[in-house]
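For reference, the structure discussed in these notes is given below.
Only a predicted model underlies this, so the values are computations on that prediction, with no experimental measurement involved. The residues of the chain are indexed from 1 along the displayed sequence.
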Amino acid sequence: MALMDFIKKQFIDIIQWTETGDGTLAWRFPMQEMEIQNGASLTVRESQVAVFVNEGQVADVFAPGMYKLTTQTLPVLTYLKNWDKLFESPFKSDVYFFSTRQQIDQKWGTPQPISIRDKDFGAVRLRAFGNYAFRIADAKRFHTEISGTRDIYSVADLDGQLRGLVLQNISNAIAASGVPFLDLAANQIQFAQALATQLAPEFAKLGLQLDGMTVQSVSLPEELQKILDQKIGMGMVGNDMGKFMQYQTAQAIPKFAEGASQGGGIAGDAMGLGAGVALGQVLAQNLAQGLQGGQGAGAPAAAPATAVVSPADLMATLEKLAELKTKGILTQEEFDAKKAELLKKLV
């Protein structure tokens with residue numbers, strides 16, 4: 001019995017890999033100084049690839065299926081070892097199994113805001129998060145470029161490298177997508193497609209295939225978020241400048257009320273008084289317009305009263321308009337037209 005046990009330990013006649021969990025990309029079959037019996041059985045299951053390596057050089061690669069290991073099924077190894085066709089002796093070779101299943105829900109994100117160059121705003125900063133899925137597509141390349149002679153190589157071992165590739169290509173992906181920076185949050189699918197296109201060749205260099213990429217969140221800087229909110233406000237009033245000023249005034253009323261309740265000293269009281277005068281004029285104009293709109297079709301429309309604007313109110317309004325022009329919300333033509341309109345009301 002002892003002799004038979006010794007013989008059994010020396011030769012391997014069945015080679016296979018049954019995965020015991022998720023996250024393993026490469027697994028080395030344990031040889032333990034043993035040799036493979038000529039005519040041994042090799043089982044490669046679906047979602048697996050087996051690779052024979054002779055003295056550090058990749059030999060034969062096996063797709064899913066069952067194989068009887070002979071010189072006919074191991075042509076590259078036969079060539080490397082200079083076997084003849086009648087060779088039937090046990091042999092030594094390293095055997096690696098690779099999982100080709102999708103590795104899903106791999107997270108990526110920007111731990112810190114990254115700088116992106118935008119044609120409208122120059123250099124801006126953003127944060128983005130999402131996930132992706134990949135698989136091994138070229139086991140030979142993955143072995144030579146990544147896993148090497150390790151007994152086990154897992155997804156966790158590769159995670160940092162792939163995250164770095166994603167972050168490195170975000171800027172190029174945004175440029176290639178053609179999506180304006182302020183529209184990224186509303187075009188996450190297009191952004192994800194551009195990022196996947198940018199990353200696919202980089203993954204292929206490692207023997208990997210990128211199967212899916214999602215962008216779950218894009219966070220804009222606070223100052224650009226304010227501009228986006230103003231653009232949304234313009235859209236709500238149909239890009240009408242007069243209505244937008246009314247909208248801005250209505251938005252400011254709660255802030256003035258809050259400041260008045262908290263007290264702001266003499267300067268604050270003066271600012272509140274000036275703002276109150278301006279708000280009163282705007283509300284008076286709105287009331288007059290409402291009354292005119294309520295008249296019957298046959299009644300003649302009364303000429304609207306010219307609003308009286310003080311120099312202080314005029315300067316405050318012009319400063320606000322200049323700020324909107326600087327941010328790109330107003331064009332130069334719209335600013336000049338509104339400025340001329342205000343100057344006519346100066347008393």
Side-chain angles (χ1 to χ4, degrees), residues 4-81 83 87-106 132-162 203-212:
M4 292 301 297
D5 292 340
F6 175 78
I7 294 175
K8 288 181 180 179
K9 289 180 181 179
Q10 299 305 302
F11 304 112
I12 300 172
D13 55 6
I14 297 178
I15 302 175
Q16 61 180 348
W17 176 36
T18 303
E19 298 181 55
T20 57
D22 295 328
T24 301
L25 295 174
W27 179 77
R28 180 180 182 179
F29 187 87
M31 291 296 179
Q32 300 174 349
E33 303 299 328
M34 293 185 291
E35 296 184 345
I36 301 173
Q37 180 69 51
N38 190 282
S41 173
L42 170 67
T43 301
V44 183
R45 291 175 170 80
E46 290 292 338
S47 74
Q48 292 181 356
V49 170
V51 176
F52 279 68
V53 178
N54 175 62
E55 298 179 354
Q57 187 173 358
V58 175
D60 298 280
V61 179
F62 293 87
M66 294 188 65
Y67 304 88
K68 181 179 180 181
L69 300 179
T70 64
T71 54
Q72 285 73 33
T73 55
L74 293 166
V76 179
L77 191 62
T78 298
Y79 172 78
L80 293 176
K81 289 185 174 292
W83 293 336
F87 178 83
E88 295 183 357
S89 301
F91 60 93
K92 296 188 66 173
S93 175
D94 293 322
V95 182
Y96 295 88
F97 284 86
F98 296 87
S99 174
T100 58
R101 293 189 295 123
Q102 276 199 39
Q103 307 299 327
I104 62 173
D105 197 25
Q106 305 301 309
Y132 63 96
F134 73 94
R135 73 174 74 224
I136 293 178
D138 187 339
K140 180 178 178 180
R141 173 168 291 185
F142 185 81
H143 172 77
T144 56
E145 298 290 338
I146 303 296
S147 60
T149 60
R150 291 179 53 172
D151 291 337
I152 296 178
Y153 199 92
S154 67
V155 173
D157 296 323
L158 195 59
D159 181 68
Q161 174 69 19
L162 298 185
F203 274 58
K205 292 177 183 178
L206 306 178
L208 303 175
Q209 175 181 305
L210 182 62
D211 285 332

Could you check W17 against T24 for side chain to side chain contact (heavy atoms under 4.5 Å, CB included), going step by step and ending with a plain yes or no? CA-CA 12 Å; W17 176 36; T24 301; 3.8 Å; yes
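- The distance from the OG1 atom of T144 to the CG atom of D138 is 7.5 Å, given to the nearest 0.5 Å.
- Among residue pairs with one or both ends in residues 53-75, none qualify as salt bridge (Lys or Arg N to Asp or Glu O under 4.0 Å); sequence neighbours excluded.
- With rounding to the nearest 0.5 Å, the separation of CG in L158 from OH in Y153 is 5.0 Å.
- Summarising the geometry, atom CG belonging to L69 is positioned 5.5 Å from atom CD1 belonging to I15; distances are rounded to the nearest 0.5 Å.
- Side-chain atoms of H143 and V53, non-hydrogen and from C-beta on, do get closer than 4.5 Å to each other.
- Listed by first and then second residue, the salt bridge (Lys or Arg N to Asp or Glu O under 4.0 Å) pairs involving residues 92-105 are E19-R101, D22-R101, R28-D94, E33-K92, D105-K107 (not counting sequence neighbours).
- Remark: S89 OG to Q37 CD distance equals 9.0 Å, nearest 0.5 Å.
- The two atoms that bring F91 and N38 nearest to each other are CE2-CA, 4.4 Å, heavy atoms only.
- In this structure, F98 has no ring pair (Phe, Tyr, Trp, His ring centres under 6.0 Å) partners at least two apart in sequence or on a different chain.
- Residues that satisfy the side chain to side chain contact (heavy atoms under 4.5 Å, CB included) test with K81, not counting sequence neighbours, are N54, L77, W83.
- Proximity of I36 to M31: side-chain heavy atoms (C-beta onward) are separated by under 4.5 Å at one or more points.
- A distance of 7.5 Å separates OH of Y96 from CG of D151, quoted to the nearest 0.5 Å.
- For S41, the side chain to side chain contact (heavy atoms under 4.5 Å, CB included) criterion is met by T43, M66, not counting sequence neighbours.
- The minimum heavy-atom distance linking I136 with S99 is given by the pair CD1-O, 3.6 Å.
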Given side chain to side chain contact (heavy atoms under 4.5 Å, CB included), test L25 with D157 step by step and report yes or no. CA-CA 10 Å; L25 295 174; D157 296 323; over 6 Å; no
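- The heavy-atom pair separating I12 from A40 by the smallest distance is O-CB, 3.5 Å.
- Not counting sequence neighbours, the partners of Y67 by the ring pair (Phe, Tyr, Trp, His ring centres under 6.0 Å) test are F62.
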What do the steps show when you test Q161 against I146 for side chain to side chain contact (heavy atoms under 4.5 Å, CB included), and what is the final call? CA-CA 10 Å; Q161 174 69 19; I146 303 296; 5.8 Å; no
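- Going from atom CH2 of W27 over to atom OG1 of T18 covers 8.5 Å, rounded to the nearest 0.5 Å.
- Residues F52 and S93 approach most closely at CD2-OG, 3.5 Å, considering heavy atoms.
- Each of Q103, Q102, Q209 was checked for a side chain to side chain contact (heavy atoms under 4.5 Å, CB included) with F134, and the lone residue meeting it is Q103.
- Residues P75 and T78 are not in side-chain contact: their nearest non-hydrogen atoms beyond the backbone lie 4.5 Å or more apart.
- A pairwise comparison of heavy atoms in Q48 and F97 identifies OE1-CD2, 3.9 Å as the closest pair.
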Would V155 and Q106 count as a side chain to side chain contact (heavy atoms under 4.5 Å, CB included) if you check the C-alpha gap in whole Å, the side-chain angles of each, and the deciding distance to 0.1 Å? CA-CA 9 Å; V155 173; Q106 305 301 309; 3.2 Å; yes
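- Considering every non-hydrogen atom in both P90 and F11, the closest pair reads CG-CE2, 3.3 Å.
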